[in-house]
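None of the values given here were measured: they were computed from a predicted structure. When a ligand or atom number is given, it counts from 1 through the structure's own listing order.
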Amino acid sequence: MKLYTLTLNEARNLLQKKEITSTELTRAVLDRIRETDDGIGAYLTVTEEKALKAAEKADLRIAAGTAAPLTGIPLAVKDVLCTRGIRTTCGSKILENFIPPYNAMVIERILEEDGVILGKTNMDEFAMGSSNEHSAFKLCRNPWDRTRIPGGSSGGSAAAVAADMCIGALGTDTGGSIRQPASHCGVVGLKPTYGRVSRYGLVAFASSLDQIGPLAKSVPDAALLMNLIAGHDPRDSTSVPEPVPDYSGFLEEGLQGLRVGIPREYFEIQGLDPDVEKAVRGAIETIEKLGAVQVPVSLPNTKYVVAVYYVIAPCEASSNLARYDGVRYGFRNDSGAGLLPMYCSTRSKGFGPEVQRRIIIGTYSLSAGYYDAYYGKASQVRTLIREDFNNALKGCDAILAPVAPSPAFPIGEKTDDPLNMYLSDIFTLSANLAGIPGISVPCGFSGEGLPIGLQILGRHFDEGILLKIAYNYEKATDYSLKKPEISPGK
Ligand code: GLN
């Protein structure tokens, strides 16, 4: 048996029955990374030595009989999460050498359970992007077809899960960055309700939209990771003091009588790929056969979603990114001409073109005289989008939809056309604007053999219902079990 192919739940069972050790498992995954990642580019940093030490420590804990669910499990984390003593670049030159003095809350949780951190995964710079092509360091390729993007911005985490270069991973989702790469790489990805997981130590992109969540090989694996990371944290003022259920507990329930909403507007979008439509409609039928009842729903403000998001997210980003001035963090470009020229050249050389574009859009939209017309108006329409979901979810328990209009596109296809890239986020942005949870679960393949995901959206704090639907569907199909064929090397 190849240990790196194990799911998180399988690995957990074998570890706890002492049939394998965390050291064996961690070595197997590190070897896999060494053999495979040159041709993929999922990791920006691999912390081999630290990982092996953590595995040793986990083995002692398992031997002592005090193991927690994640003890000894090798995990990958997106390079936007602060890791004490480990470089955290955010995919940006401006943080190329930044070594955080503290851990993000989710990292603390992994370490408390003696989980094993393998390294930091590739991403679009500051999580801005849908293809991972905006990483300042290197491309990340889709393990199913290396000429294609893995999705973004958590492309590295999704590719690492798909190519068995970790047992599970964490990503972040501001407008789809967990769900869309999960869909493109054929893995499970869950964006929790806004406030469910602490953002403490997550490098901010758009603070009212950002959430951390799991990318996993199966739905039960995603549930276990949710158990680990969900919960209140006083260090994040938007973290909600709601009790955390046992997410694994939802998996055994059936779908009898559950009402699933089918949003009319989502299937009328121009450019919805026929293979995607077919796979998603097929998944809806399967879910109906499993006992759920379809109800038509309407999300009338869908046509404004891209415009609203691409005002609000850049506004928040321009404000959050003001802190990178060459004085306090990372990269500095100083010609000795004074403070202002130092700020300007640091920011022009440190940030890539997409980040600069967003800072300019955001600064413009927030400036006196434009604030009401852009940010103010976008915030009002955001409320309408949230109301669309509140209304739709009164008549159903969850909404079923595509994740992205097409399967993974070829590398380079949209890089010169930012608007086209933004439009590909149409189905994922609204969950962040509304603050609701969403999951992507594999639901088929395109004619060219590229994975397609089904998106399930739910009410605030109803992650359990999403996991239940996704798991019933996953059990009834075998899409999550399919793996890309990966030849070693470049
Ligand atoms: N693609 C979206 C953007 O570029 C979402 C990114 C994200 O979720 N981090 O803003």
Side-chain angles (χ1 to χ4, degrees), residues 77-81 90-92 121-136 140 149-158 169-185 189-192 194 197 199 202-215 305-318 320-321 351-362 365 378 382 403-406 408-409 413-415 417-440 453 455 457:
V77 296
K78 185 176 179 180
D79 209 16
V80 69
L81 297 165
C90 250
S92 181
T121 54
N122 203 351
M123 57 181 284
D124 287 296
E125 185 174 3
F126 284 100
M128 297 174 192
S130 317
S131 67
N132 224 110
E133 291 164 296
H134 299 311
S135 166
C140 178
I149 57 114
S153 61
S154 314
S157 287
L170 294 182
T172 59
D173 192 312
T174 302
S177 280
I178 291 175
R179 291 160 286 154
Q180 184 255 25
S183 170
H184 286 343
C185 290
L190 171 67
K191 178 202 99 70
Y194 185 75
V197 178
R199 291 179 294 112
L202 156 63
V203 178
F205 162 13
S207 309
S208 78
L209 303 161
D210 299 339
Q211 264 296 285
I212 303 167
L215 290 115
V305 161
V306 175
V308 166
Y309 173 89
Y310 278 99
V311 172
I312 290 181
C315 284
E316 293 188 18
S318 73
N320 275 324
L321 270 55
F351 290 134
E354 181 61 25
V355 173
Q356 294 195 25
R357 186 177 298 126
R358 307 256 182 141
I359 292 174
I360 291 168
I361 296 173
S365 313
R382 178 181 188 173
V403 179
S406 72
F409 48 86
E413 188 182 271
K414 297 189 203 285
T415 28
D417 188 354
L419 189 59
N420 196 6
M421 184 90 89
Y422 300 166
L423 288 171
S424 71
D425 295 337
I426 174 78
F427 298 127
T428 48
L429 303 174
S430 44
N432 303 71
L433 292 168
I436 58 173
I439 192 169
S440 171
Q455 181 170 215
L457 299 165

Peer 1: Which residue is it: R199, K191, R179? I am looking for the one with a salt bridge (Lys or Arg N to Asp or Glu O under 4.0 Å) to D173.
Peer 2: R179
Peer 1: Counting from 1, what ligand 1 atoms have a heavy atom of S153 closer than 4.0 Å?
Peer 2: 9 (N)
Peer 1: Taking only heavy atoms of G129, which atoms of ligand 1 are found under 4.0 Å from at least one of them?
Peer 2: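 The list of qualifying atoms is 1 (N), 2 (C), 3 (C), 4 (O), 6 (C).
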Peer 1: I need the F427 CZ to Q455 CD distance, nearest 0.5 Å.
Peer 2: 9.0 Å
Peer 1: Are K78 and S157 linked by a side-chain donor-acceptor pair shorter than 3.5 Å?
Peer 2: no
Peer 1: May I ask you to test the Y422-Y309 pair for a side-chain heavy-atom distance under 4.5 Å?
Peer 2: no
Peer 1: At what distance, to the nearest 0.5 angstrom, does OG of S430 lie from CZ of R382?
Peer 2: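 That separation rounds to 11.5 Å.
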Peer 1: Any chance the side chains of S207 and E316 put a donor and an acceptor closer than 3.5 Å?
Peer 2: no
Peer 1: Does R358 have a heavy atom less than 4.0 Å from any atom of ligand 1?
Peer 2: yes
Peer 1: Could you tell me which atoms of ligand 1, counted from 1 in the order shown, lie closer than 4.0 angstrom to a heavy atom of S177?
Peer 2: 5 (C), 6 (C), 7 (C), 8 (O), 9 (N)
Peer 1: Provide the number and element of each atom of ligand 1 under 4.0 Å from a heavy atom of M128.
Peer 2: 4 (O)
Peer 1: Write out the residue and atom name of the closest protein heavy atom to atom 2 (C) of ligand 1, then the distance separating them to 0.1 Å.
Peer 2: D425 OD2, 3.2 Å
Peer 1: Within the 4.0 Å heavy-atom shell around A127, which atoms of ligand 1 are there?
Peer 2: 6 (C), 7 (C), 9 (N)
Peer 1: Show me which atoms of ligand 1 lie under 4.0 Å from any heavy atom of G175.
Peer 2: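 The list of qualifying atoms is 5 (C), 7 (C), 8 (O).
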Peer 1: Atom CE of M421 and atom CE of M128: how far apart are they, to the nearest 0.5 Å?
Peer 2: 13.5 Å
Peer 1: CG of L81 to CD1 of I212: how many Å apart, nearest 0.5 Å?
Peer 2: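 Interatomic distance, L81 CG to I212 CD1, rounded to 0.5 Å: 5.0 Å.
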Peer 1: Heavy-atom contacts under 4.0 Å between Y422 and ligand 1: side chain, backbone, both, or neither?
Peer 2: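 It is neither part, as no heavy atom is under 4.0 Å.
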Peer 1: Using a 4.0 Å cutoff against the non-hydrogen atoms of D173, which atoms of ligand 1 qualify?
Peer 2: 8 (O)
Peer 1: Going by the order shown, which atoms of ligand 1 are within less than 4.0 Å of some heavy atom of Y310?
Peer 2: 1 (N), 2 (C), 3 (C), 4 (O), 10 (O)
Peer 1: Return yes when G176 approaches ligand 1 closer than 4.0 angstrom through a heavy atom, no otherwise.
Peer 2: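 A heavy atom of G176 does come that close to ligand 1.
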Peer 1: Which residue, S131, S130, S135, forms the side chain to side chain donor-acceptor pair (under 3.5 Å) with E133?
Peer 2: S131
Peer 1: Can you pull out the closest protein heavy atom to atom 5 (C) of ligand 1? Residue, atom name and distance to 0.1 Å, please.
Peer 2: Y309 OH, 3.4 Å
